[in-house]
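Written out below as structure tokens is the structure these notes cover.
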Number of protein chains: 2
Amino acid sequence: MAITLKEVAERAGVSRSAVSRTFTDGASVSEKMRRKVEKAARDLGYSPNALASSLTTGRTKLIGLISNNFHNPIFLEVFDLFTRGLQDRGLRPLLVNLSDETDPQASVRMLRQYSVDGAVVASSTLPPGFSKAFRDAGVPVVHSFGRYSSAPQVHVVGIDNVECGRMAARTLVARGYRKIAFLGGPESATSTQDRYSGFFSELGAHRGLTTSYSFADAYSFDAGRREMLRLLKSDPAEAYFCGDDVLSIGVLSAIADSGLRVPEDIGIIGLNDMEMARWENINLTTIHQPIRQIVTSSIELMVAMLDEPDRYPEARIFPCSIVERGTLRPVG
Amino acid sequence: MAITLKEVAERAGVSRSAVSRTFTDGASVSEKMRRKVEKAARDLGYSPNALASSLTTGRTKLIGLISNNFHNPIFLEVFDLFTRGLQDRGLRPLLVNLSDETDPQASVRMLRQYSVDGAVVASSTLPPGFSKAFRDAGVPVVHSFGRYSSAPQVHVVGIDNVECGRMAARTLVARGYRKIAFLGGPESATSTQDRYSGFFSELGAHRGLTTSYSFADAYSFDAGRREMLRLLKSDPAEAYFCGDDVLSIGVLSAIADSGLRVPEDIGIIGLNDMEMARWENINLTTIHQPIRQIVTSSIELMVAMLDEPDRYPEARIFPCSIVERGTLRPVG
DNA sequence: GCTAATTTTGCAACCGGTTGCAAAAGCTGA
DNA sequence: TCAGCTTTTGCAACCGGTTGCAAAATTAGC
């Protein structure tokens, strides 16, 4: 069906190598030859078969983009940034949805069958062992939104969740809240664990606080709402640091139902700063996670690894910052 | 780096064909041979190179998944359904983000370079000509969420937007609204045009109505909010049929700002029934678009086309239905 | 105009598989 | 045991490209 290099060669009356060379940059071809070949290629509507060439070059320019976050709207932004960034560098994202997949080996195997040049694991809820499975299989891997570690085993790009926890705690204390709670995402997620520990380590440095904590079972609206409805039944705290923004929105909706007001009766601070957080009817005070920078940096790291597969693993951590909106009472 | 068929053959002491055959089902291999080969393969950790085999079989099992909707949360649901559905059938989605791409030919070329077996165009805003470019290039294509046509040129799976417009109009009239407006998405989108024409053709059948219309420049929160803020300055209608849910949410936020109440002062009906529409703090009355069925059907159609590339094009249209929530006043 | 250095070109082998064909092996029945 | 038939196996060519190497063509230098 499709035109092959051989046909172009015949029409141009040159060897197959000549055609191949005009389509690989850096190869030695005379101007005359190039013109002849390009003419023939244009006439025939030829475009080279990337997969066939990958066989000899060992490069497919395919990058596995792996995630299990297909329900959190912030990941639409993440996918948008990743796909555009990869495309801009001539790389092609092969999307893998891990939502119901349990076995990391299965995806590793699949991505190896397709000879991906690398894999980006975009998730804060997948266990670190998952990305290690890729590394062990010899596939360059970047774990985006993964856990910060001082001795990373694979490349990690993300935020310091412990520090985010501290930041949330400082913010709440500074606003005079004394009865403070942590309403985390799923307890098994490393991001939840880290935020938890940062949050309470900071709170521990202050006197006279009443603290408590609980966990929603997903980073989702429903989970946040459900948990908050439960908490509201008995003596809620004055302010909550919530697992993420979408969970916060669920929490806000529960509070609204109960007749209490935000920020007058209860303060809420989220994390992520997803697009929706700035919507005027939500107006969530939250901690900004610089996803654009994280994605860009992940892609740069991946590109670097394509040239240097055994590159020593590093952790790239981006600072977060408070975005003041309307769900916490003002300072002082 | 990776183990090849040749190495397995040598270790098992058999020919390369034998190895190849044990890994292609339907091929003739004796039990004894199969066991020998599988043992060797297991020992070596071999898994066949899908791309190399595609060279001879002409099948890559790669499917281009093309969209320009990376800002509307409903498309996260769409991507989730597509990726899982394709994976379940052993197909691999190659994601293409068309957000800033202007030239259809570029993506056609790219997907042909990767020898995709087919392409799914998932968008209600891409022009029909776009999917035709794939068909003309000999790539099986399904246009999901595309325009219904009685003489489709490519396979289309979606809803009847004209009928949705009528349904919205009937619903508003039945609730006694007399001053009724259409607040569409981008005027260039076929979905907007069709909903517009259905909406006003139905309204035309009723006496004593005051009607008006305008367009937001995207299916987005900001666009909806901006347009509604403008409309609120001068004599707004009693009820609006909005382009889609996310746009409706922007509209709701504008109304809330103005001090008016929904549904008491203004009624709103959206379209899509995205997950967020049922969130308790949004609680949007809307027209349900059966995206799960659309995606499933698109995939089935794609699979069918892989066997029968010249299949006669058809349009698969799914009925929509009103989902009553809290943004329209009750009937009667 | 001739030789030497440099660039361009084609040959042929290879990447990792698949497959038509014919030979080899296994089975059946007498 | 052997002829005749079926199944299994290996050979070799092929899929659509790339690339090392040597021959051919061009350019430079004198």
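Because the structure is a prediction, the values reported are computed rather than measured. All heavy atoms count here, side chains included; hydrogens, waters and symmetry mates do not. Numbers restart at 1 for each chain; the letters A, B, ... are given by sequence-line order, proteins then strands.
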Please enumerate all residues that pass side-chain contact (heavy atoms from CB on, under 4.5 Å) together with [X], with sequence neighbours excluded.
{"X": "A:A304", "answer": "A:R311"}
{"X": "A:K39", "answer": "A:D43"}
{"X": "B:T56", "answer": "none"}
{"X": "B:K36", "answer": "B:V14"}

Checklist entry - Are side-chain N/O atoms of B:D117 and B:T60 paired as donor and acceptor at under 3.5 Å? => result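 Short answer, yes.
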For a quick test of your reading: what N or O donor-acceptor pairs under 3.5 Å do the side chains of residues 136-145 of chain B make, sequence neighbours left out?
unit_1: B:H143; atom_1: ND1; unit_2: B:S131; atom_2: OG; d: 3.2
unit_1: B:H143; atom_1: NE2; unit_2: B:S123; atom_2: O; d: 2.9
unit_1: B:S144; atom_1: OG; unit_2: B:S298; atom_2: OG; d: 2.8

Checklist entry - In degrees rounded to 10°, what angle is found between the helical axes fit to the five outermost pairs at each end of the helix from C:dG1-D:dC30 to C:dA30-D:dT1? => result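 Taking five pairs per end, the axes differ by 20°.
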Item to check | Residue pairs involving residues 53-74 of chain A (criterion ring-ring contact (aromatic ring centres under 6.0 Å, His included); sequence neighbours excluded) | outcome: A:F70-A:F79
Next on the checklist: Enumerate the salt bridge (charged side-chain N to carboxylate O under 4.0 Å, His left out) contacts for residues 72-86 of chain A, please, sequence neighbours excluded, ordered by first and then second residue.
Outcome noted: A:D80-A:R84, A:R84-B:D100
Next on the checklist: Under the salt bridge (charged side-chain N to carboxylate O under 4.0 Å, His left out) definition, can you give me all pairs with a residue in residues 291-305 of chain A, not counting sequence neighbours?
Outcome noted: none
Item to check | DNA chain C contacts among residues 28-44 of chain B, heavy-atom distance under 4.0 Å | outcome: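 Heavy-atom cutoff 4.0 Å gives no residues at all.
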Next on the checklist: Protein within reach of the bases, or only the backbone? For nucleotides 15-24 of chain D, mark each nucleotide 5' to 3' as B, S or -, using heavy atoms under 4.0 Å.
Outcome noted: BBBBBB----
Contacts table for residues 20-27 of chain A: side-chain donor-acceptor under 3.5 angstrom, sequence neighbours left out:
unit_1: A:T22; atom_1: OG1; unit_2: A:V19; atom_2: O; d: 2.9
unit_1: A:T24; atom_1: OG1; unit_2: A:S20; atom_2: O; d: 3.2
unit_1: A:T24; atom_1: OG1; unit_2: A:R21; atom_2: O; d: 3.4

